[in-house]
Amino acid sequence: MVRHAGRLHAWRNACPHIDGAPMAWRKDAYTNAAGTHIVCSAHGAQFEPATGRCVQGPCLGQALSAIEMDIRSDGSVWLRAH
Ligand code: FES
């Protein structure tokens, strides 16, 4: 899950370059140093946080898989099961 421009987005931790490849470069670390893009640690693909679209790297044009979520009135966030 990532907050970008004031909105939450939830993406499956699976890079589209290699089916199911986990992306974190260390525990719970998914973005570049500037926090502008989600990065896959395996081969450096970069993804837009709001759309999940790969904008640089070996899976250019592909996208992360979104996880549907509900944000309740009390501020809690619930991810929907698949
Ligand atoms: S597995 Fe993510 S860029 Fe290759």
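Quantities reported herein were computed from a predicted structural model and do not represent experimental measurements. Sequential numbering from 1 along the given sequence is applied to the chain's residues. First listed ligand is number 1; within each ligand, the first listed atom is number 1.
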Tell me whether [X] contacts the main-chain N or O of [Y] through its side chain, where contact means a donor paired with an acceptor under 3.5 Å.
X   : Y   : answer
W11 : P49 : yes
S65 : R12 : no
N32 : H37 : yes
D70 : R72 : no

Which atoms of ligand 1 have any heavy atom of [X] under 4.0 Å away?
X   : answer
A42 : 1 (S)
C40 : 1 (S), 2 (Fe), 3 (S)
A45 : 3 (S)
C15 : 1 (S), 2 (Fe), 3 (S)

TODO: Could you check which N/O/S atom of H17 is closest to atom 4 (Fe) of ligand 1?
DONE: ND1
Open item on the list: Below 4.0 Å from ligand 1: does a non-hydrogen atom of P58 turn up there or not?
Closed with: yes
Task: Shortest non-hydrogen contact from G20 toward A14 - done: CA-CB, 3.8 Å
Open item on the list: To check your reading of the model: name the closest protein heavy atom to atom 3 (S) of ligand 1, its residue, and the distance in Å.
Closed with: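 In this structure, atom 3 (S) of ligand 1 has H43 CB, 3.4 Å as its nearest protein heavy atom.
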- [ ] Give the intermediate values and the outcome of side-chain contact (heavy atoms from CB on, under 4.5 Å) for residues I18 and H43.
- [x] CA-CA 10 Å; I18 297 176; H43 306 109; 3.7 Å; yes
